[in-house]
Amino acid sequence: MRLTLKILLYAVLIIVAIATVTPMLWMISASCMPSGQASNYPPQFFPTSFTFDHYTQLFSRLNVLKYFFNSLLLSVSVTLLSLVVNSMAGYAFAKYRFRGRDKLFGFLITSMVVPAQVTMLPLFLMLNKMGLVNTYWGVIIPGMAGIFGIFMIRQYALSIPDSLLEAARIDGAGDFRIYWSLVIPLCKPILVTLAIFTFMGTWNDFLWPLIVMTDDSMYTLPVALANLMGEHAQDTELMMAGSVITILPVMIVFAAMQKYYIRGIMMGSVKG
Amino acid sequence: MNTEHKISNDEMFLSRSQTPFDSTIGKRGVRNGVKTNSGIRYTMFNIRNSGGTAALFLFPALAMLAVFFFLPVVASFVLSFTDFDIYSLGNIHFARFVGFENYVKLFDDPLFWKALGNTFYFVVVGGPLSLIVSLLAALAINSRLVRFKGFFRLVYFAPVVTTLVAVSVVWRFIYHPRFGMLNYALSIFGISPIDWLGNPHWAMPAVILLAVWKNFGYNMIIFIAGLQNIPDYLYEAARIDGASPFAQFKKITLPMLAPTTLFVGIITMIGYFQLFAEPYVMTQGGPLDSTLSIVLLMYQQGFRWWNMGYSAAIAFVLFAIIFLATVVQYAVQRKHSDQ
């Protein structure tokens with residue numbers, strides 16, 4: 001009975017695992033197939049001969065290096081800037097006492113139910129007025145302050161013992177010094193987690209860059225990929241190569257930082 | 001949520017009576033926090049710094065949020081009562097207030113009802129389906145009988161971190177009626193080819209399948225954390241009392257998981273209401289508008305046809321629905337857990 005259950009359990013787990021990875025493995029495999037091989041019946045899983053033509057074509061003819069650069073620049077900038085802005089606010093909410101603090105914080109938390117799409121139309125008009133549409137700032141600025149980030153850092157900073165901060169003050173450290181040399185290092189685990197979240201979120205984001213980047217040369221990888229789909233829908237192998245280039249960087253970041261990422265999800269859920 | 005305690009009046013008085021200088025004397029108990037008669041521990045650090053510095057730390061984030069989040073929310077609401085269109089884009093004076101006209105027009109627009117229906121289809125079928133798959137996966141991985149937990153967890157989680165646009169591109173080919181993997185896999189079981197993305201009946205199920213594949217790993221992680229928080233002695237006691245595994249699941253696991261389920265249910269629902277990239281990449285809302293979602297309609301109206309007043313009205317209806325659905329789900333779950 002126990003053995004049957006065990007076998008059944010493993011069978012289901014393995015079938016689901018296969019269903020989960022097959023699309024991604026096929027994507028990688030198809031990206032190395034000679035043109036046309038992916039359009040065969042029955043579908044073939046392995047390339048008859050390996051080729052990197054589609055990758056070279058993407059980089060040489062289809063400007064993918066530029067999109068890659070755009071995505072990287074935006075993701076890194078948003079991540080760094082938002083960490084500074086949100087950590088300052090999260091720390092203040094956790095460790096300073098001021099009138100209306102809890103009300104203000106509660107208000108911010110409540111407003112997380114507002115979907116981002118609601119802000120997009122006026123935001124576009126505002127940025128248009130400021131001349132920031134179709135610039136990097138158009139993506140960076142709205143991404144800099146985030147309620148979720150403030151929330152995560154506050155929750156973490158609450159656990160810093162006050163005595164530690166007080167000791168630093170007695171030693172003559174100013175407020176900013178305490179924040180920078182004490183709080184930031186102490187908050188490192190949550191900052192790393194948030195950095196991964198933000199980096200991946202910005203890299204994978206689609207709707208806002210699609211709206212605000214109006215010129216081809218400013219596209220991020222997802223926007224460029226969706227655009228490419230319009231023109232090269234028949235070119236399966238090329239599209240798969242484009243998908244690999246888009247997915248690979250976030251996969252690498254995830255693989256390297258798995259521990260932090262998964263812990264972040266659990267923190268957000270348990271304390272939320 | 002708030003782990004700190006509110007301080008009462010007399011404690012406030014106490015705190016005011018202490019000058020900053022006091023804290024540097026190093027009296028026992030002062031440096032490490034004062035224990036008051038109400039037993040609430042609070043500390044010098046919190047008290048001494050009010051106003052000024054805190055404002056300095058908060059300013060960048062709050063200013064950005066005010067200008068680039070809260071102001072646009074309000075502006076969007078105002079916008080939804082105007083006829084802001086492509087001409088107003090050049091000169092804002094072309095925009096007029098039109099009262100509820102956009103909303104009236106919206107409720108007369110069959111395309112809006114279609115998009116609303118599709119989005120509900122996606123949320124009502126896809127949301128619970130994704131939750132069930134997540135829970136089953138969590139239960140299986142968490143089972144005593146299973147080893148290689150880390151491996152399965154990693155594999156199931158991998159799609160979560162992928163780029164939605166890229167996997168939508170990949171799945172478009174997997175759904176290919178002639179050369180796609182899925183139809184080939186089905187043909188092994190004798191199922192004849194389905195035109196997944198070309199048939200109005202199958203397009204939304206195809207979108208749902210992709211979404212579940214992409215998302216279930218995320219909720220699974222949260223469910224695993226929830227399962228591990230259930231104390232073992234509950235199960236041991238149940239076993240001693242002779243409860244079957246199914247009874248244990250029903251009487252212990254599910255009730256103990258209720259808060260997790262509520263959280264996961266709400267975030268999943270909010271996310272699913274915002275369906276956009278999958279139909280944008282795979283079907284452009286077709287065939288016959290069968291995968292047109294609210295956000296896709298909003299995008300098309302606002303940023304393709306520049307009917308921004310109308311589009312803002314759509315955005316606000318979406319907001320209202322998400323808000324109401326969150327409140328309802330919260331209330332229903334609360335009622336259940338009170339019983």
Side-chain angles (χ1 to χ4, degrees), chain A residues 5-6 9 12-13 17 20-21 23 26-27 39-43 85-86 88-89 91-92 96-98 102 113-115 117-119 121-123 141-142 144-145 150 158 162-163 165-166 170 175 200 204 206-207 211 222 225-226 229 236 239 243 246-247 250-251 254 262 265-266 269-270 272, chain B residues 3 24 31-32 43-47 49-51 53-54 57-58 60-61 64-65 68-69 72-73 75-76 79 140 143 145-146 152 155-156 159 161-166 169-170 173-174 178-179 181 184 221-222 225 263 274 276-277 281 295 298 302-303 308 311-312 315 318-319 322-323 326:
Chain A
L5 191 67
K6 199 168 171 174
L9 215 53
V12 171
L13 280 170
T20 310
V21 292
W26 180 75
M27 164 187 80
S39 303
N40 262 318
Y41 194 86
V85 170
N86 292 335
M88 282 181 6
Y91 164 57
Y96 283 90
R97 208 174 268 290
F98 49 92
D102 296 344
V113 295
V114 181
Q117 289 87 350
V118 170
T119 65
L121 295 148
L123 202 53
I141 287 177
M144 268 170 66
I150 296 174
L158 282 174
D162 290 321
S163 51
L165 303 177
E166 189 54 28
I170 292 163
D175 285 275
M200 289 186 175
N204 290 341
F206 179 54
L207 181 52
I211 289 169
L225 194 66
M229 191 72 190
T236 313
M239 290 310 301
S243 302
T246 309
I247 291 176
V250 274
M251 276 301 196
F254 169 68
I262 291 195
I265 296 174
M266 290 181 179
S269 64
V270 173
Chain B
T3 59
T24 61
R31 211 202 270 188
N32 297 321
T43 62
M44 303 310 299
F45 192 81
N46 277 331
I47 296 156
N49 303 281
S50 53
T53 341
F57 278 119
L58 287 171
M64 299 291 279
L65 285 174
F68 297 106
F69 183 70
V73 173
S76 186
L79 197 62
S143 159
L145 300 173
V146 170
F152 284 115
V155 168
Y156 291 2
V161 292
T162 57
T163 311
L164 186 51
V165 170
V169 166
V170 173
F173 292 103
I174 289 174
R178 279 178 60 205
F179 310 125
M181 278 281 171
Y184 176 69
I221 295 286
I222 300 175
F263 173 79
Q274 301 175 18
F276 175 74
V281 172
V295 178
M298 185 208 93
F303 295 101
M308 297 192 105
S311 179
L318 174 74
F319 175 29
I322 289 181
F323 184 77
T326 307

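Every heavy atom of this structure was used, including side-chain atoms; hydrogens, water molecules and symmetry mates were not. Every chain is numbered from 1, with letters handed out A, B, ... down the list of sequences.
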Minimal non-hydrogen separation, F323(B) against V113(A), with atom names: CD1-CG2, 3.9 Å
Below 4.5 Å from any heavy atom of chain A, which atoms of L79(B) appear? Answer side chain, backbone, both or neither. side chain
For F254(A), check side-chain contact (heavy atoms from CB on, under 4.5 Å) against everything at least two apart and list the hits. M200(A), Q258(A), Y261(A), L154(B), F157(B), V161(B)
Those residues at least two apart in sequence (or on a different chain) that pass side-chain contact (heavy atoms from CB on, under 4.5 Å) with A166(B) are L225(A), S243(A), T246(A), I247(A), T163(B)
Contact class of M298(B) relative to chain A, heavy atoms under 4.5 angstrom: side chain
Which atoms of L13(A) are under 4.5 Å from chain B, going by heavy atoms: the side chain, the backbone, both sets, or neither? both
Examine whether an atom of F319(B) lies under 4.5 Å from a heavy atom of chain A, and if so say whether it belongs to the side chain, the backbone or both; otherwise answer neither. both
Drop me the distance from T119(A)'s OG1 to F69(B)'s CZ, to the nearest 0.5 angstrom. 6.5 Å
Quick check on I221(B) against chain A: is it the side chain, the backbone, both or neither that has a heavy atom closer than 4.5 Å? both
A315(B) and Q117(A): which non-hydrogen atoms are nearest, and at how many Å? CB-O, 4.3 Å
Can you tell me which portion of Y156(B) sits under 4.5 Å from chain A's heavy atoms? Options are side chain, backbone, both or neither. both
Which class fits the ring pair Y41(A) and Y184(B): parallel under 30°, tilted 30 to 60°, perpendicular over 60°? perpendicular
